[in-house]
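Note sheet for the following structure.
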There are 2 protein chains.
Amino acid sequence: MKLFDKKNIDFGMILTQHGLSKTSFRKILIELFYTKKYSLSVDEIITNLSFPIDKVSVYRALNAFEKNGLIHKVPDMANLIRYALCQSECSFEKHLHNHAHLLCSNCNETYCINDFKIPVVNECKGFIIDNLKIILEGSCVDCQQSYK
Amino acid sequence: MKLFDKKNIDFGMILTQHGLSKTSFRKILIELFYTKKYSLSVDEIITNLSFPIDKVSVYRALNAFEKNGLIHKVPDMANLIRYALCQSECSFEKHLHNHAHLLCSNCNETYCINDFKIPVVNECKGFIIDNLKIILEGSCVDCQQSYK
DNA sequence: CAATAAACGCAAATCAATTGCATTTATTGA
DNA sequence: TCAATAAATGCAATTGATTTGCGTTTATTG
């Protein structure tokens with residue numbers, strides 16, 4: 001269910017467009033995010049690379065990517081930080097992270113729910129909401145079917 | 001806006017009812033949760049106590065309280081762990097944590113939203129949700145008024 | 001009240017993430 | 001293109017939250 005053809009993407013260009021320098025590692029890192037459809041933790045990133053990389057460099061690259069609107073944090077239920085590609089509406093100037101995430105506890109696949117609206121509830125009265133963090137953990141369709 | 005009169009509560013009884021031993025510290029800890037209306041972090045708990053207590057003992061007591069359905073974790077936007085009293089529907093056997101939290105970024109007050117329903121969104125189709133983590137961060141009514 | 005179990009305090013370990021600094025790599029503009 | 005400048009990298013060390021081990025103290029149970 002890939003939404004893109006890797007051959008058609010200029011990863012260096014993506015970095016440049018987001019004001020990030022094109023180091024060999026960062027090109028491979030952004031390619032990894034486009035290749036893996038689910039969100040990635042630092043350890044998963046290192047495991048997926050074919051060369052040794054310092055964990056610190058991964059953290060710094062991820063922070064730079066996040067700062068410049070390329071990826072965003074997707075915390076899981078255990079308070080561990082994962083990262084996922086931003087939607088198209090994210091830009092250098094403005095992160096739109098006010099959407100919910102579906103996190104499959106089996107395969108770690110992350111789905112962004114873009115049409116999520118905060119439900120109006122009685123107890124919300126008067127509260128001004130600046131920021132959302134919504135994680136719905138469960139089983140994605142693929143993982144449900146693999147159990148049958 | 002206290003929902004109880006501290007004098008009428010037997011905190012030792014609450015511990016016993018949840019299968020927790022009645023040490024002097026734990027009685028004071030549970031009383032603190034009933035006294036403070038907002039959620040508490042480990043550091044806030046220690047600050048609020050009038051006697052020295054080892055941080056490890058706080059962690060262990062909180063873990064025991066959580067395990068036995070007395071309190072539950074309320075993570076904030078910065079992935080720091082806070083604890084809040086469980087609602088009445090929580091019990092030793094079953095934690096019902098599938099509710100959202102409003103977290104005031106000014107005063108740290110936490111409100112549990114019990115009538116929160118997962119909105120039906122297109123992208124949820126087929127996903128079986130086992131667990132929710134929903135934090136809405138913003139300004140509570142009191143803090144909005146204090147800015148006026 | 002004695003025997004047993006649990007909680008406590010202290011030291012040390014763990015784990016994720018960050019920081020400092022020297023070195024390497026990328027960007028830039030003449 | 002190449003030197004000057006800025007940024008990224010690797011390594012060591014640090015931070016901060018949380019956990020673990022263990023000997024001692026406190027609570028529970030009969």
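Computation of the quantities below employed the complete heavy-atom set of this structure, encompassing side-chain atoms and omitting hydrogens, waters and symmetry-equivalent molecules. Here the structure is a predicted model, which means the values were calculated and not measured.
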Using atom names, set out every protein N or O paired with an N or O of nucleotides 27-30 of chain C below 3.5 Å, distance rounded to 0.1 Å.
residue : atom : partner : partner atom : Å
C/dT27  : OP1  : A/K22   : N            : 2.9

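- We find that CG of A/D54 is positioned 15 Å from P of C/dT19, with the value rounded to whole Å.
- Panel note: side chain B/N68, backbone B/L70; no donor-acceptor pair is recorded below 3.5 Å.
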### Task
Any chance you could lay out the side chain to side chain contact (heavy atoms under 4.5 Å, CB included) test for B/I81 and B/Y59, step after step, and finish with the verdict?
CA-CA 11 Å; B/I81 297 177; B/Y59 277 111; over 6 Å; no
### Message
Walk me through whether B/L29 and B/F11 qualify under side chain to side chain contact (heavy atoms under 4.5 Å, CB included).
### Response
CA-CA 9 Å; B/L29 181 58; B/F11 295 108; over 6 Å; no
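- Aromatic pair A/Y83/A/F65: ring centres not closer than 6.0 Å.
- Comparing A/I53 and B/K55 by the nucleotide of DNA chain D whose heavy atom lies nearest to each, the residue mapping closer to the 5' end is A/I53.
- One can place OH of A/Y83 at 13 Å from P of C/dA16, the figure rounded to the nearest angstrom.
- When rounded to the nearest whole Å, the span between NZ of B/K27 and P of C/dC8 equals 12 Å.
- For B/R26, the salt bridge (charged side-chain N to carboxylate O under 4.0 Å, His left out) criterion is met by no residue, not counting sequence neighbours.
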### Evaluation steps, side chain to side chain contact (heavy atoms under 4.5 Å, CB included), between A/D54 and A/F25
CA-CA 11 Å; A/D54 195 293; A/F25 164 56; over 6 Å; no
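- Of the residues in residues 45-52 of chain A, not one comes within less than 4.0 Å of DNA chain D through any heavy atom.
- Annotation: side chain of A/L85 is in contact with side chain of A/I30 (closest heavy-atom distance under 4.5 Å).
- Regarding B/Y59, its OH atom lies at a distance of 15 Å from the P atom of C/dG9, rounded to whole Å.
- Close to C/dG9, at under 4.0 Å from its OP1 or OP2, lies no side-chain N or O of B/R60.
- A 4.5 Å side-chain heavy-atom check between A/T35 and A/N48 finds every atom pair outside the cut-off.
- Defining each end axis of the helix from C/dC1-D/dG30 to C/dA30-D/dT1 as the rotation carrying four pairs' C1' atoms onto the next four, with five pairs an end, the two axes are found to diverge by 40° to 10 degrees.
- The outermost nucleotides of DNA chain D lying under 4.0 Å from heavy atoms of chain A, listed 5' to 3', are D/dA7 to D/dA12.
- Residues forming a side chain to side chain contact (heavy atoms under 4.5 Å, CB included) with A/I46 (at least two apart in sequence, or on another chain): A/V42, A/I53, A/K55, A/V58.
- Note on A/L15: it clusters hydrophobically with A/I9, by side-chain heavy-atom contacts below 4.5 Å among ILVMFWY residues.
- Applying the side-chain hydrogen bond (donor to acceptor under 3.5 Å, both in side chains) test between A/S39 and each of A/K73, A/R82, A/E44 identifies A/R82 as the sole match.
- A/F51 has its side chain within reach of A/I28: a pair of non-hydrogen atoms, C-beta onward, lies under 4.5 Å apart.
- For the pair B/E31/B/K27, no side-chain contact is recorded, criterion being any heavy-atom separation below 4.5 Å from C-beta on.
- C/dA17 atom C1' lies 12 Å from atom CG of A/D43, rounded to whole Å.
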